[in-house]
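This report refers to the structure that appears directly beneath it.
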Amino acid sequence: MLAESGRRVLVLDGDPQCNATTGFRIRAPGPNDLTQAMVVLDALDPIPLIRETKVPGIYVLPASFGDCKMFGSVSHALVTGCHH
């Protein structure tokens, strides 16, 4: 595993059910928090959203349950770079 060899690993949780986020026991962003959709669609800095896990060297960019409705748009923006 990369983290075991001293590398830092960032897990990007793109799942609208937040499985990686909740699997690492990270609280999913709430309705008033910065979310992945905001980061992608508004070209914001993702650094404030990254959370450290209890596993040394592994960090998570958490998904948000509120982003479920926007997940198709976020996926499209990530793949195409289009923010429409």
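Keep in mind that what you see is a predicted model, and the values were worked out from it rather than measured.
The minimum heavy-atom distance linking Ala3 with Pro56 is given by the pair CB-O, 3.6 Å.
In this structure the side chain of Thr53 never reaches within 4.5 angstrom of the side chain of Tyr59, judged on heavy atoms.
Tested against Pro62 for a side chain to side chain contact (heavy atoms under 4.5 Å, CB included), the candidates Thr22, Leu12, Val11, Leu49 yield a single pass: Leu49.
Atom CD1 in Ile50 sits 11.5 Å away from atom CD1 in Ile26 (nearest 0.5 Å). Rounding to the nearest 0.5 angstrom, the gap separating the OG1 atom in Thr21 from the CG atom in Asp13 is 3.5 Å. Here the CD1-CZ distance, from Ile58 to Arg8, works out to 13.0 Å after rounding to the nearest 0.5 Å.
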